[in-house]
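These notes concern the structure reproduced below.
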Amino acid sequence: MTIWLSAGIIFTLLAIALVLFKWGNLQCVGVTPVKTFTFIAILFTSGLDVGLIMFPLTEFAGYADIKASPEYAFANPLAIEFGFWGFLIWGFYFLTCFYFCVIEPKVKFFEIPWVKLINNVIIIGTCAFTAYLLLSNLPWYLPQVGDGSSIIPTFYLLVFAAICFAVYSSTSLKYVRFLSISTTWMFIALIAYMWAAAFIFGDSGMGEFANKFALIGDYFGHINEFVLPLNDYHEFYLFWWFAWSIMIGQFTSRFVGGLKTYQVLGAMLIFPSIPIAIWFSVLYHYHEAGIPTEGIKNFAMVFVGVVFVINSLDSLIRLYTDNLNLTVKRLGMRNYMLFNIVALSLLTLLFKLEFLQIQWVGALVIGLFFSCAAYIGYGKFKTVSQINSSPEDNKIDYSKIETAS
């Protein structure tokens, strides 16, 4: 699996370089273009899930224990955490976003029946994994609700409610846009609240925050270390990013609003990384200073985490139901709701039982990457080499989102 993953990463980086070389100044326009801030909000909230909120405080100690994991010795724990979530790996999303915006309309690889089947299995499976992550982390963040280790009925109900809300939100792109922007502001508010509690009303000053934030520079000084898997845990993360990459590319590609290719890459690498870096710096201070997060802080983190889950799920549900023509228009609202709620709830339980693993999903995605490249090289090379613009039918009209169903 490690060799397969490494091959997928190298292929992805080479493909990004090729895209920039050939189409760097091409204007990218999706079928439902939106303004840049909205595009970034949709990208950020759809491309991340509850792990961003809930994982860091549980992981810093492991990255600091270089006796048990000497492979982490080249950088500090904050830089390691950022490397698993920020900057370079957002290039995966850029590649697929560009592909689905500019190349797929000409190639139509994902309209081949067997490819469409695998693609939607990937999307549905990753939706369920997102819900499972929320379920599995709730005991740690809400120990006062249970015994701090067991998943109790209350947690199942919370995840079920998130799935129901996401399914309903997926019925209209207007809801998806509203939720994406709202989630972005909620996350910013959470960062501000946790930052103020530690650095203004707590015992630490602004200088301490600046010191923590500066530690992320270690990542950029050792960025080459993060390209290939450091160990099994980093491998899990990279497979997870691959699992998300195709579906996030499909979803976000429809919203690109006229940015040039190099600008899309810059927007994807830089803008999501800034709030991630600030958030992780704040959490790392909580970890190092031993500041407790019980009570309202934990509830605030869980609330925003649940909203992230809803936001991610509604985007992905919308994607696979459109792909499979299982839309509200075809099924009716009641059947649409029942089908998706039951399917995602059952698949979430399969991840809970460890019957499914996200690494398998990521490996499937890498297989699709290679298959698509082979398909283009064998029968569509001339077509792709002649591409010099986004599809002609895609016009910059920011009002389309208002009438989209």
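In this chain, residues are counted from 1 in sequence order.
The pair R318-D322 counts as a salt bridge, with a side-chain nitrogen and a carboxylate oxygen less than 4.0 angstrom apart.
When ring centroids are compared, F94 and W90 stay outside the 6.0 Å threshold. The ring of W279 has its center no closer than 6.0 angstrom to the ring center of W85. Taking the six-membered ring for Trp and the full ring otherwise, F226 and F74 have centroids separated by under 6.0 Å.
Using a 30° and 60° split on the angle between ring planes, F87 and F220 fall in the perpendicular class, above 60°. Between W23 and F98, the ring planes are tilted. Angles from 30° to 60° get that label.
Checked options F239, W241, Y233; the residue passing with Y237 is Y233 (criterion: ring pair (Phe, Tyr, Trp, His ring centres under 6.0 Å)). The only option from F109, F242, Y375, W4 that meets the ring pair (Phe, Tyr, Trp, His ring centres under 6.0 Å) definition with F370 turns out to be W4.
In this structure, the side chain to side chain contact (heavy atoms under 4.5 Å, CB included) partners of A79, at least two apart in sequence or on a different chain, are A75, N76, D218, Y219. Shown here are the side chain to side chain donor-acceptor pair (under 3.5 Å) partners of Y320, two or more places apart in sequence or in another chain: N340. Applying the side chain to side chain donor-acceptor pair (under 3.5 Å) criterion to Y284, with sequence neighbours excluded, gives E288.
Without hydrogens or angle criteria, S169 side chain to F165 main chain gives no donor-acceptor distance under 3.5 Å.
Minimum heavy-atom separation, G91 to I16: O-CD1, 3.4 Å.
Put simply, the side chain of Y93 does not reach to within 4.5 Å of the side chain of T252, judged on heavy atoms. Using a 4.5 Å heavy-atom threshold, the side chains of N394 and C28 count as separate.
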